2 protein chains.
Amino acid sequence: MKRTLLIFASLIAAILILFQLGQYSFIKGDLKIETLISIIAIVFFLVGAYINRQYRVKRVSISEPGEIDHHRIAELHISKREYEVLKWMAEGLSNKEIGEKLFVSESTVKTHVSSLLQKLNSRRRTQAIQRAKQEKIL
Amino acid sequence: MKRTLLIFASLIAAILILFQLGQYSFIKGDLKIETLISIIAIVFFLVGAYINRQYRVKRVSISEPGEIDHHRIAELHISKREYEVLKWMAEGLSNKEIGEKLFVSESTVKTHVSSLLQKLNSRRRTQAIQRAKQEKIL
DNA sequence: ATTGAAATGGTACTAAAGTATGAGTGTGCT
DNA sequence: AGCACACTCATACTTTAGTACCATTTCAAT
């Protein structure tokens, strides 16, 4: 926002200078009015494009799919191990497969999944995954 | 691309008209040169901003998680009904719940899910959802 | 040292999910 | 008319998923 104002300020200054210069040259006959207008048109066009690009960069970086909210994970009281299970769950692995990945029994995985379902207020793992993505946890 | 060309074409036309008009008025003394320049500056600024926005929309739509590859859906031979089931599945609904949403029996949903699993080369619904997202189907 | 949370895992059970098979209905295409 | 396909549904069965309880161990904080 401050940046935009700054750009506008220098922009206005540029116009004034250009105008003064143009008027002066115009009187002297060095510069044709078409040339002046063309320059101004190009400058403003570029400025318009540039300012918009700034916005785009910001907006994209905000709305990106990535970025995990680690703070939210803590808020939901999800432990490290539970989170690992959650990640594999989202990859589509079965409890048994997750157990093999983490070198624990299927029972343990079930325990983790159960507490995850409670913490994510879900009844099925698919629902838990959905919620996790809504919460920017995955 | 065609659109950009079109915009440029009408832009150039607009400049010419404006210029003619400006020159005419300038000679008559109706229009000050400052006013003319201001109008041109504003117009070009807006056009610059607008064109850039067009680009943004396109670029965002390509890199964004959204945008469904309908062509790929067809390639995988996924029918309309199956796709509806897939969408609700990804929302975390159970087969019974999906049946209620689509006004069909749980049996029917199971049939659709089974064929979806085959078409998406998966063994579990969670895996199918994952694949679907990889394929830009969801 | 005691407390509490995290991690592990076992048993037993219920509830979903998923497979296999068959079958009726409707619809678009040739 | 006839064919292929999508959609529907049912039954029977197997496999996972999920719940409920309980128990042990580890480890950090009080």
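Reminder, nothing fancy here: chain letters follow the sequence lines and each chain counts from 1. Just so we're clear, the structure is a prediction, and the values are computed from it rather than from any experiment.
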| said: Contact list please: residues 107-121 of chain A against DNA chain D, heavy atoms, distance less than 4.0 Å, in numerical order. | reply: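 When residues 107-121 of chain A is checked for heavy atoms under 4.0 Å from DNA chain D, the hits, listed by number, are A:K110, A:V113, A:S114, A:L117.
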| field | A:R125 vs D:dG18: side-chain N/O to OP1/OP2 distance below 4.0 Å | value |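 Result: yes.
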| query | Are B:R81 and D:dT8 close enough that a side-chain N or O sits under 4.0 Å from OP1 or OP2? | reply |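 For D:dT8, OP1 or OP2 has a side-chain N or O of B:R81 closer than 4.0 Å.
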Euclidean distance, atom [atom1] of residue [X] to atom [atom2] of [N] [Å, nearest integer]:
| X | N | atom1 | atom2 | result |
| --- | --- | --- | --- | --- |
| B:L86 | C:dG18 | CG | P | 12 Å |
| A:R123 | D:dT19 | CZ | C1' | 13 Å |
| A:Y83 | C:dA7 | OH | P | 14 Å |
| B:R124 | D:dT15 | CZ | C1' | 11 Å |
| A:I78 | C:dA7 | CD1 | P | 12 Å |
| B:E106 | D:dC9 | CD | P | 12 Å |

| query | Looking at residues 92-104 of chain B, who's got a heavy atom less than 4.0 Å off DNA chain C? | reply | B:S94, B:N95
| task | For B:R124, look at atom CZ and say whether over 12 heavy atoms of other residues, nucleotides or ligands are found less than 6.0 Å away. | result | yes
| Do B:T108 and B:S105 have side-chain N/O donor and acceptor atoms under 3.5 Å apart? |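 Side chains of B:T108 and B:S105: pair found under 3.5 Å.
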| said: Just to verify, which of B:H77, B:E82, B:R81 counts as forming a side-chain hydrogen bond (donor to acceptor under 3.5 Å, both in side chains) with B:S115? | reply: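 With B:S115 as partner, side-chain hydrogen bond (donor to acceptor under 3.5 Å, both in side chains) holds for just one option, B:E82.
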| request: Check step by step if side chain to side chain contact (heavy atoms under 4.5 Å, CB included) holds for A:V113 and A:R125. | output: CA-CA 8 Å; A:V113 170; A:R125 48 171 54 212; 4.0 Å; yes
| task | Go through B:V109 and B:W88 one step at a time and tell me if the side chain to side chain contact (heavy atoms under 4.5 Å, CB included) criterion holds. | result | CA-CA 11 Å; B:V109 177; B:W88 288 116; over 6 Å; no
